[in-house]
Amino acid sequence: MAKTATDRPPETASDWTIPQDWASYTPQEHAVWDVLYARQTELLQDRACAAFRQGVEHLRLSDKGIPNFEELSARLFKRTGWRVVAVPGLVPDEVFFEHLANRRFVAGRFIRKPEQLDYLQEPDVFHDLFGHVPLLSNPVFADYMQAYGEGGLKALRLNALEKLARLYWYTVEFGLIAEPEGLRLYGAGILSSFGELRFALEDSSPNRLRFNLMRVMRTHYRIDDYQQSYFVIDDFDELLHQTRDADFTPLYRELEKLPDLAPDTVIPSDRVVSRGSQKHAYRGKFQ
Ligand code: PHE
Ligand code: CO
């Protein structure tokens with residue numbers, strides 16, 4: 001679970017950052033990035049949302065090899081004032097939120113091994129950069145992430161992080177967006193996943209439900225398999241205004257009185273985009 005400040009590794013700065021040390025990546029490590037990038041880009045045609053595709057282009061993520069955080073940050077900063085900083089792995093919640101609130105996205109520097117191309121439990125530099133950073137070049141999404149960081153610091157004080165973390169999960173990591181051409185992906189956990197990108201959009205197993213803030217904050221999520229429900233926003237303005245412009249303090253109090261919901265539940269007030277069969281629940285990942 002969350003670490004405390006005393007666990008900070010000695011080689012990290014006081015804000016837990018480390019140098020990316022780009023020069024020390026091996027040719028094999030860069031090659032893993034190139035394979036992942038090529039495969040994912042191909043699969044994401046007509047699946048990734050427009051803002052993601054624009055971000056990839058603006059940030060020149062198609063350049064070969066693992067991106068250099070400093071060069072990437074320079075491009076990103078010009079667009080939205082965000083930077084990418086390296087950390088050794090999981091950081092304490094407070095540190096994570098503090099970085100977000102200051103428009104710094106923390107990313108792991110390590111990359112998976114060639115035998116882990118399809119699935120990895122821990123986020124690596126491919127997930128963190130390819131999955132998360134393109135959208136940070138979108139001004140509205142960039143503001144949402146900063147506001148989320150501020151909201152995280154507040155939720156810590158109010159002892160409500162479990163609820164707020166579900167919002168991150170179902171939007172930043174696993175969100176879907178309704179674009180004029182159809183449903184598209186914006187969640188980093190799906191965009192960087194080999195199998196879930198098809199599952200999330202095309203499989204008949206999961207529920208796809210319209211995004212509703214309170215509903216999402218009541219809903220448990222799965223960390224060991226594909227999601228059983230995805231939540232769909234209309235656009236990033238909707239997401240930003242429903243979250244940044246609302247005071248969550250009374251909402252957290254209300255949530256204490258409402259029962260939590262299982263990840264596969266559909267409730268009468270849901271606006272259902274497509275109701276899932278849940279046929280592939282619990283065994284989606286390697287099929
Ligand atoms: N407005 C929220 C609050 O009052 C903070 C928040 C912003 C939470 C954006 C999530 C996303 O706590
Ligand atoms: Co992530």
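We use all heavy atoms of the structure for the numbers below, so side chains are in, but hydrogens, waters and symmetry mates are not. All ligand and atom numbering here is 1-based and tracks the order in the structure. We number each residue from 1, following the sequence as shown.
A side-chain donor-acceptor contact under 3.5 Å links T219 and R215. Side chains of Q146 and R103: a donor-acceptor N/O pair is present below 3.5 angstrom, by distance only.
For atom 11 (C) of ligand 1, the closest heavy atom belonging to the protein is T243 CB, 3.4 Å. Among all protein heavy atoms, the one lying closest to atom 8 (C) of ligand 1 is F248 CE2, 3.5 Å.
Listed by number with element, the atoms of ligand 1 under 4.0 angstrom from any heavy atom of D247 are 4 (O). Interface atoms of ligand 1 facing L167, defined by a heavy-atom separation under 4.0 Å, are 10 (C). Against a heavy-atom cut-off of under 4.0 Å, A147 is close to the following atoms of ligand 1: 6 (C), 7 (C), 9 (C). Listed by number with element, the atoms of ligand 1 under 4.0 Å from a non-hydrogen atom of K154 are 3 (C), 4 (O), 12 (O).
Restricting E173 to its N/O/S atoms, the shortest distance to the Co ion (ligand 2) is reached by OE2.
Residue contact annotation: D128 places no N/O/S atom under 2.8 Å from the Co ion (ligand 2).
The nearest pair of heavy atoms linking L117 to L36 is O-CD2, 3.6 Å. In this structure, F236 and A51 approach most closely via the heavy-atom pair CE1-CB, 3.8 Å. W82 and L76 get closest at one heavy-atom pair: O-CG, 3.5 Å.
Looking at R208 and D270, no side-chain N of the basic residue comes within less than 4.0 Å of a carboxylate O on the acidic one, giving no salt bridge. Checked for salt-bridge contact, R166 and E162 meet the test: a charged N lies under 4.0 Å from a carboxylate O. Salt bridge R112/D124: present, at least one basic N to carboxylate O contact under 4.0 Å.
Residue contacts with ligand 1, taken as heavy atom pairs separated by less than 4.0 Å, do not involve D245 at all.
When rounded to 10 degrees, the angle formed at the Co ion (ligand 2) by NE2 (H132) and NE2 (H127) equals 90°.
Nearest to atom 1 (N) of ligand 1 by heavy atom, out of A155, A160, A246, G151, is A246.
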